[in-house]
Asks: 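To start, I am sharing the structure in question, which I have written as structure tokens.
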Amino acid sequence: MDQMRQPVSTTTPEFAGYYGRLTRSNMAPLWEVLKNLVTAEPVSPARPAHWPYEEVRPLLFEAGKLISAEQAERRVLVLENPGLRNQSSITHSLYAGIQLVLPGEVAPQHRHSQAALRFILEGRGATTTVEGERLEMCPGDLILTPSWQWHDHQNETKEPIVWLDGLDIALVALLDAGFAQHANQKEQEVTRPKGTSRALYGANMIPVDDSPASLNSPLMRYPYEEARAALERLKQGTDWDSCHGIRMRYAHPRTGDWVMPTMGPAIQLVPGRFTTGAYRATDGAIFAVAEGHGSAKIGNENFDLSPHDVFVCPAWTWRSFTAAEDLVLFTFSDRPVQEKLGLWREERSADH
Ligand code: 1HN
């Protein structure tokens, strides 16, 4: 080994004294930490984890007896990654939780700079009001509440509604860019009839004199029946991706980009009896089972999947899926951020 690479013992009294003086001057030796700062590959504190719905549901409905949606502001069980305890994070950058709104309840209006997306698990016909428009929530729908938009939830139906929330909480916290505001009124005024945003942007048309595109999609509801029908047609009519089956991302109708700048939702169909090839990417991804049964191999863990289960695949962790029957997975991650920063990478392997 050449002389310059000879290891140095840094546990001597001389080093200890020197390090003490550095600390008192708000400095530290890079050579003690460099190899942890710049690693050969991504190293995530997040771990593969699985929340079977049969475990989540009874605990969620217990909360329904203990606290109202209004008392809680949001009655949610946070899905905590076991590698990130007490940080309200499911991946290093993102938050996920399961929310319950019982018949007759309102989750009061507020807004925050953190963006949210919601994937409906059960219940039909409750609403989220975003910027004056009521959006109906049905199983498998994707609902967006972009950064700084007023939103409240109301359940005027006779059945409970349950959904998966995703927010960019840790990402916004890292940037120290969080703001939030409460309103005097519990519910915002409805100023646009139901279906307005869909008519404006969801019919393969846009208004001729539309204002410049925002980073956020003006479509705030992406109905499951449309996504599901597209996946079904593509299952019949196209080649399947060896690692994904059929995988589509939700699109901003004006720009074709992701629907929000910080979180990218997508939906995939793994056809029955198909096993996907191993795949990994730099974006840690959250998944929810929309339909079907099967299994997921995430790193060294195997998870049996049933409808409404949630699981997480940390950054740069190999994953593959086996579908017992057609398996529909909703997923989201921070991929839009990584792409914009030129950091996103993926790898496919035949032998993992
Ligand atoms: C939030 O505003 C909602 O609006 C759900 O339903 C979960 C978690 C953290 C911060 C804000 C909602 C949330 C949240």
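Every number for a ligand or one of its atoms is a count from 1 in the order of the listing.
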Asks: Suppose we measure from atom 12 (C) of ligand 1 to each protein heavy atom; which comes out shortest, and what is that distance?
Replies: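 Ranked first by proximity to atom 12 (C) of ligand 1 is Arg74 NE, 2.8 Å.
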
Asks: Go through it in stages, so that I can follow the logic: the residues are His151 and His110, the test is side-chain contact (heavy atoms from CB on, under 4.5 Å), and I'd like the CA-CA distance, side-chain angles, deciding distance and then a yes or no.
Replies: CA-CA 6 Å; His151 56 282; His110 67 196; 3.1 Å; yes

Asks: Determine whether the aromatic ring centres of His112 and His182 lie less than 6.0 Å apart.
Replies: no

Asks: Decide yes or no on side chain to side chain donor-acceptor pair (under 3.5 Å) for Glu133 and Thr196, but give the supporting numbers first.
Replies: CA-CA 8 Å; Glu133 182 175 338; Thr196 302; 4.6 Å; no

Asks: Tell me: protein heavy atom nearest atom 6 (O) of ligand 1, and distance?
Replies: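 Here the closest protein heavy atom is His153 NE2, 2.6 Å.
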
Asks: Do we get Arg335 above Trp258's six-membered ring, with its NZ or CZ under 6.0 Å from the centre and within 45° of the axis?
Replies: no

Asks: Closest approach of Cys243 and Ala278, non-hydrogen atoms and distance?
Replies: SG-O, 3.6 Å

Asks: Please confirm whether His112 comes under 4.0 Å of ligand 1, counting heavy atoms of the residue only.
Replies: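 Distance cut 4.0 Å: His112 passes for ligand 1.
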
Asks: Salt bridge check, Arg348 against Asp241: does any charged N sit closer than 4.0 Å to a carboxylate O?
Replies: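 So Asp241 pairs with Arg348 through a salt bridge.
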
Asks: Does Trp163 reach ligand 1 with a nitrogen or oxygen that is under 3.5 Å from one of the ligand's nitrogen or oxygen atoms?
Replies: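 For ligand 1, there is no N or O atom that lies under 3.5 Å from one belonging to Trp163.
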
Asks: Relative to the heavy atoms of Arg118, which atoms of ligand 1 are at a distance of less than 4.0 Å?
Replies: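 Result: 3 (C), 4 (O), 5 (C), 6 (O), 12 (C).
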
Asks: Which atoms of ligand 1 are found less than 4.0 Å from any heavy atom of Ile169?
Replies: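 The list of qualifying atoms is 9 (C), 10 (C).
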
Asks: Counting heavy atoms only, name the option from Leu167, Val130, Ile98 that's nearest to atom 14 (C) of ligand 1.
Replies: Leu167

Asks: Kindly confirm or rule out a cation-pi arrangement of Arg319 over Phe321, judged by NZ or CZ under 6.0 Å from the six-membered ring centre and within 45° of its axis?
Replies: no

Asks: Could you establish whether His110 and ligand 1 come within less than 4.0 Å of each other, counting only heavy atoms on the residue side?
Replies: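 Contact check His110 vs ligand 1: positive.
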
Asks: Report, in ascending order of atom number, the atoms of ligand 1 lying under 4.0 Å from any heavy atom of Tyr95.
Replies: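 Checking each atom against Tyr95, I get 7 (C), 8 (C).
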
